[in-house]
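We count ligands from 1, going down the list as the structure has it; atoms in each ligand are counted the same way.
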Amino acid sequence: MSSPELDEILLDLHRFAGTAKTLSALQEFCVNLIAARLPSYNWVGFYMLDPADSAMLVLGPFHGAPTPHVRIPVTEGICGAAVAQGETVIVDDVSADPRYLACSLETRSEIVVPIRVRGKIVGEIDIDSHELRAFGAGDRRFLEQCAEIVSRFIESGPHSA
Ligand code: SME
C-alpha cells in the first residue's frame, strides 16, 4: 500500500476527529473509512477495556463479519496479547498461533494496535486479513497513527455520550 494513500486516510480521520461529537462516531467513521479504502483489511474493529473490569475487552464499532468474540479476557486471544504485552502484535499466519481466537474461517493474518490515553491502554484497533502476511511495518506505523488520533480525541474530552 502506497504511503500517500495511507497519509490521505490519516488526514481524513484527523479532520473528522476535529468535529466528531462522540467517541463512537469517530470509531464508526474510522472502521468504515479504513475498510472502504484498504481492500486487504477485511475486518476492522475496536475493542475497548471495560471501565468496570479492566481485565476484559469489549467489542466496539466494527466493519466486517459478525464475531462471536464480543468480550475477550485480556489473558486470551491476539487481542488480549496486545494488552498484556503493551504493544502492537502482528500475526503473519493465524493458523500457526495457538493464541488466535477465530472470528472468520477466511482470516489468515491479524494486527492488533493498542490505544493509550495518558500512557494507559484503554483499548485497541484490531484488523484481520484474508491474506497471509498482510501486515508489515508500514501498516503498523499507519495504524499506530490512527490509534494516536483516537487517543488524542479521548484525551481532549469529555464528549457527549
Ligand atoms: N482474532 C481475535 C479475536 C477477535 S476477532 O478477530 C474479530 C483474537 O485472537 O483475539
**Study point:** Ring center gap for Y41 and F135 short of 6.0 angstrom
**Key:**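 For Y41 and F135, the ring centres are under 6.0 Å apart.
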Check your understanding: Does the gap between the ring centers of Y47 and H69 come in under 6.0 Å?
Key ->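 Centroid separation for Y47 and H69: 6.0 Å or greater.
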Review point. Can you find an N/O atom of C79 closer than 3.5 Å to an N/O atom of ligand 1?
Key: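 Yes; at least one N/O pair falls below 3.5 Å.
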Point to revise | Check: L101 N/O within less than 3.5 Å of ligand 1 N/O | key: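 Yes, there is a polar N/O contact under 3.5 Å.
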Practice item. Give a yes/no on ligand 1: does Y47 have at least one heavy atom closer than 4.0 angstrom to it? Key: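 True for this residue.
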Give the atoms of ligand 1, by number and element, whose distance to some non-hydrogen atom of [X] is under 4.0 Å.
X	answer
W43	7 (C)
Y100	1 (N), 9 (O)
D126	4 (C), 5 (S), 6 (O), 7 (C)
G77	8 (C), 9 (O), 10 (O)

Practice item. Among all protein heavy atoms, pick out the one at the shortest distance from atom 8 (C) of ligand 1; state its residue, atom name and that distance to 0.1 Å. Key: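 The closest heavy atom on the protein side is I78 N, 3.3 Å.
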Exercise for review: Among all protein heavy atoms, pick out the one at the shortest distance from atom 5 (S) of ligand 1; state its residue, atom name and that distance to 0.1 Å.
Suggested key: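 Ranked first by proximity to atom 5 (S) of ligand 1 is C103 CB, 3.2 Å.
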Point to revise | Steps toward side-chain contact (heavy atoms from CB on, under 4.5 Å) verdict (F62, W43) | key: CA-CA 7 Å; F62 69 96; W43 192 96; 3.6 Å; yes
Practice item. Verify the neighbour count for atom CG of L105: are there more than 12 heavy atoms of other residues, nucleotides or ligands below 6.0 Å? Key: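 Counting neighbours around CG of L105, 12 or fewer heavy atoms of other residues, nucleotides or ligands fall under 6.0 Å, so no.
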Per-residue contact class, [X] against ligand 1 - non-hydrogen pairs under 4.0 Å:
X	answer
V112	neither
E110	side chain
D128	side chain

Can you find a heavy atom in the side chain of [X] that is under 4.5 Å from one in the side chain of [Y]?
X	Y	answer
L132	S109	no
T88	V112	no
I115	I125	yes

Point to revise | Verdict with reasoning, E124 to M48, per side-chain contact (heavy atoms from CB on, under 4.5 Å) | key: CA-CA 6 Å; E124 59 195 24; M48 302 304 282; over 6 Å; no
